[in-house]
Structures are given as C-alpha cells and as structure tokens.
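What follows is a short report on a single structure.
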Number of protein chains: 2
Amino acid sequence: MAQSALIESKDGAGHGPASLDSVLGFHIRLAHGAVYRHFTETFATLGLTQKQVSTLWLVAEMPGIAQSELGNRLRMDRATAMSIVSRMQERDYLWRERCPSDGRKQLLHLTDAGKKALEEAKACIKEHERWLKSRFTSDEVKKLVEMLARIHE
Amino acid sequence: MAQSALIESKDGAGHGPASLDSVLGFHIRLAHGAVYRHFTETFATLGLTQKQVSTLWLVAEMPGIAQSELGNRLRMDRATAMSIVSRMQERDYLWRERCPSDGRKQLLHLTDAGKKALEEAKACIKEHERWLKSRFTSDEVKKLVEMLARIHE
DNA sequence: CCTATTTGTTAGTGAAGCATACAATCGAGC
DNA sequence: GCTCGATTGTATGCTTCACTAACAAATAGG
C-alpha cells in the first residue's frame, strides 16, 4: 500500500511521537478496522457481528453464564450486553433463565437455532482466521496473540 | 498467502477453532476495545476521538491533502471522511480549499486553532502510548507494529 | 461531444459504547 | 425482622462511526 510521505520528522523536538506511523495505537486501530471489515464481509450472509458471534460462542462454552459475567468477559458494560443479548433473544438464538439461587441474575442458554447458527458461524470464522493468519508464521501468530492479550487482560 | 499457520489446534473434525481464546480476531477486537477506552479517557478533556486526532495529525503532516486521500490513508469511505472533516471544520480546526487544478477535490488545511489542538493532542498521545507500550520491550513494540501493519496494509 | 469515473455531498440505517435512572434482589450488620 | 449498600438487569437517550444509496459537479478518454 501507499508508502507514506510522512517520513521526515522532527525527531529532536521531544514532543511525542514524530509521525502517525510510529503510533502503536494507530496501527491497532487500523488493523482492527481491516479485520472488522473482512469479518463483516464474511458474515454478510449470516447477518452476525463480531460481538454477536462472541456472545453465542461464549454462551455455548459456558451454558448458564450470567449476563453480567458475559459482559465482563467480552468487556461490555451492562447496557451493551443487554442490547446484544436481547437481539440474540429476538432471533431465538438464546433464552434467558431467571437464576433460582440469585433472583437478580439472568442465566443464558443457546436454543437449537442458536447452536446451529454458531456452527455455521464457526465455519465462517475458520475462513476468516485463515485469511487473517495467512500473513504470519505459526510462531508469529502465537506471539501476536500473547502480546494482544497483554493489552486487554 | 504465505506458508502459514493453519495449525488449527486439536479439532480433527475440521470445525474451526476449538475455543474463543484461540481466535486471533477475537484478541484484536478486545485489544482495540481496551486501547479505545483508555484513549477516550485520556482525551475526555480535549473532546477528541481517535479518528479526529488522526485526521488532524495527517492534515498537519500533509497540508493540502485531498479529502479522498485522507479517507484512503485512514481507511474511511468518503461519507465517513466527510462527516469527520465537517465536524473538525465546525470546530474551526481545519478549512477546505477548492483545488484549483481539479475542481472536484477539496484540499484540507489546519487552522491555528487546529494546530494548537493537535499539539495538545500529541501530548496526550504521548501519555497514552506510554501506558500502552509499558507492556512491551522496545523490540516487541517494533515487532507488534510490523505485524499489525501486515494486517491493514 | 458523449460517456464513464472520480470526488464531494446529503440522507438514512444500523451497531456499539456510554451515561443515567429505576426496580428488583441479595448480603451484611444491627 | 429491618435497613442500608451493592449487584444485576432493564429502559431510554445520546454520540461516534461505518455503510449504502442517490445526486451533482468536475474530469478524463474515446
């Protein structure tokens, strides 16, 4: 892609990064954007977003997880988790169960339709991940995941 | 598509990655979210978003850049670039100049207020980057930037 | 001149994140 | 048992951003 002409920089000034290209956060943002775009393309037929797939996936891995715990793990606040869970419920992909031991909590479970959708989604994810990981060796993927985890953990 | 990395862990059946934790895109999303949140916090007083700072920064580095070129470099479509540039113009941070040699283009320039805002923003970015990079050695930062660039370039 | 492309503009849609307020529930301490 | 504070879910509204579609103006190439 374009070799930017922003290379010449006032390095001596000491007033922060010289060029936009040297800002780590900038690259994280662009990388995320590229991944997000390809994801949306891949999932156009299924009509699912990253957050929605993550939600279905996590509920499948931890059936009966509370809505609040889902939000914690996916780094969403209550309101955001609420709207995503509600949307998945409207589609009949999951259902809420009032927790018998703690009446405040809503426990989440996938419906059969949700399990089926997740299976399809996982196939798409596999393609998506292949596209993404094709840039790296397996050692690099491991290193990249480990470094990214240091950011969000 | 290089020699990669389709080492899909234990899942002989070919049904995609086994756990959400092994999905690279998932970690990119969470890392981006964490960075975005810290950025927003850091820039609360300035009232600027990542996209807005990137825009100001890029216009400062390339005065007279066309709106379309700005969009290309920051990976925004025309409509998104339009709304961000308009917002920055409303704040008197930049102004548009009709291109004399190509009447379709709008050339962008920072105002004095925009230059001042960018200087403040760069100081905040410095803090933000310090927070972000504190997790890594300088070699790791270099490697990380290089790998992320492979994704968005 | 005619046509296709590029660029900017406007309007509308939708997902997400965030803040706030409110209700229900739970737990701890009195 | 009772009150008080914290947790959890819910509802509402606001903002940013990405995308689409349509349209107008200017350009480029035949």
Side-chain angles (χ1 to χ4, degrees), chain A residues 29-30 32-44 46-56 64-91 94-108 152, chain B residues 29-30 32-44 46-56 64-91 94-108 152:
Chain A
R29 197 192 206 310
L30 286 192
H32 170 258
V35 170
Y36 183 82
R37 264 183 289 277
H38 185 270
F39 188 101
T40 305
E41 223 173 280
T42 307
F43 279 75
L46 282 177
L48 290 170
T49 66
Q50 285 185 333
K51 270 277 145 73
Q52 291 166 2
V53 172
S54 298
T55 296
L56 294 180
I65 188 177
Q67 209 169 277
S68 57
E69 180 62 14
L70 177 83
N72 288 340
R73 295 198 183 245
L74 298 184
R75 270 74 166 185
M76 306 182 283
D77 61 17
R78 273 169 299 158
T80 304
M82 175 71 196
S83 78
I84 289 177
V85 167
S86 291
R87 206 169 300 138
M88 292 295 89
Q89 192 182 28
E90 280 165 23
R91 284 219 219 168
L94 56 74
W95 51 282
R96 294 169 155 110
E97 173 201 12
R98 200 103 233 168
C99 179
S101 64
D102 185 342
R104 292 168 300 182
K105 294 184 178 175
Q106 293 272 41
L107 309 186
L108 306 177
H152 68 72
Chain B
R29 199 196 203 309
L30 286 193
H32 170 259
V35 170
Y36 183 82
R37 265 182 288 276
H38 186 270
F39 187 101
T40 305
E41 222 173 280
T42 308
F43 279 76
L46 282 177
L48 290 170
T49 65
Q50 284 185 334
K51 271 277 147 72
Q52 292 166 1
V53 172
S54 299
T55 296
L56 295 180
I65 187 177
Q67 209 169 279
S68 57
E69 180 62 14
L70 177 83
N72 287 340
R73 294 198 184 247
L74 299 184
R75 272 71 167 186
M76 305 183 283
D77 61 17
R78 274 170 298 157
T80 304
M82 176 72 196
S83 78
I84 289 176
V85 167
S86 292
R87 205 170 304 140
M88 291 297 88
Q89 191 182 28
E90 280 164 25
R91 283 219 220 168
L94 56 77
W95 52 281
R96 294 169 156 111
E97 172 200 13
R98 200 104 232 167
C99 180
S101 63
D102 185 341
R104 293 169 299 183
K105 295 184 178 175
Q106 293 272 42
L107 308 186
L108 306 177
H152 69 71

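So you know, we letter chains A, B, ... as the sequences are listed, proteins then strands, and number each from 1.
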Any donor-acceptor pair under 3.5 Å from B:Arg75 side chain to B:His152 backbone: yes
Side chains of [X] and [Y]: closer than 4.5 Å at any heavy-atom pair?
| X | Y | answer |
| --- | --- | --- |
| A:Glu69 | A:Lys105 | no |
| A:Val35 | B:Arg29 | no |
| B:Leu108 | B:Arg96 | yes |

Would you mind telling me which of [options] lies closest to the side-chain atoms of [X]?
| X | options | value |
| --- | --- | --- |
| B:Gln52 | D:dC17, C:dT9, C:dA16 | D:dC17 |
| B:Arg98 | C:dG8, D:dA11, D:dA18 | C:dG8 |
| A:Ile84 | C:dG8, C:dA16, C:dC18 | C:dA16 |
| A:Ala79 | C:dA11, D:dT12, C:dT9 | D:dT12 |
| B:Arg104 | D:dG9, C:dT7, D:dC17 | C:dT7 |

Quick one: [X] [atom1] to [N] [atom2], roughly how many Å, whole number?
| X | N | atom1 | atom2 | answer |
| --- | --- | --- | --- | --- |
| B:Leu74 | D:dC19 | CG | C1' | 17 Å |
| B:Leu48 | D:dT16 | CG | P | 11 Å |
| A:Met82 | C:dC22 | CE | P | 18 Å |
| A:Met88 | C:dA15 | CE | P | 9 Å |
| A:Asp77 | C:dA16 | CG | P | 13 Å |
| B:Gln89 | C:dT9 | CD | C1' | 12 Å |
| A:Leu107 | D:dT8 | CG | C1' | 12 Å |
| B:Gln67 | C:dT10 | CD | C1' | 13 Å |

What contact category does [X] fall into here, base, sugar-phosphate, or nothing, at under 4.0 angstrom with non-hydrogen atoms?
| X | result |
| --- | --- |
| A:Asp102 | sugar-phosphate |
| A:Ser68 | sugar-phosphate |
| A:Arg75 | nothing |
| B:Thr49 | sugar-phosphate |

Reported CG-to-CD1 distance for the pair A:Leu94 and A:Ile65, which is rounded to 0.5 angstrom: 11.5 Å
Residue whose nearest DNA chain C nucleotide is more 5′ - A:Pro100 or A:Thr80: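 In this pair, the answer is A:Thr80.
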D:dG9 base / A:Arg78 side chain donor-acceptor hit below 3.5 Å: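 It does, because a donor-acceptor pair links the side chain of A:Arg78 to the base of D:dG9 below 3.5 Å.
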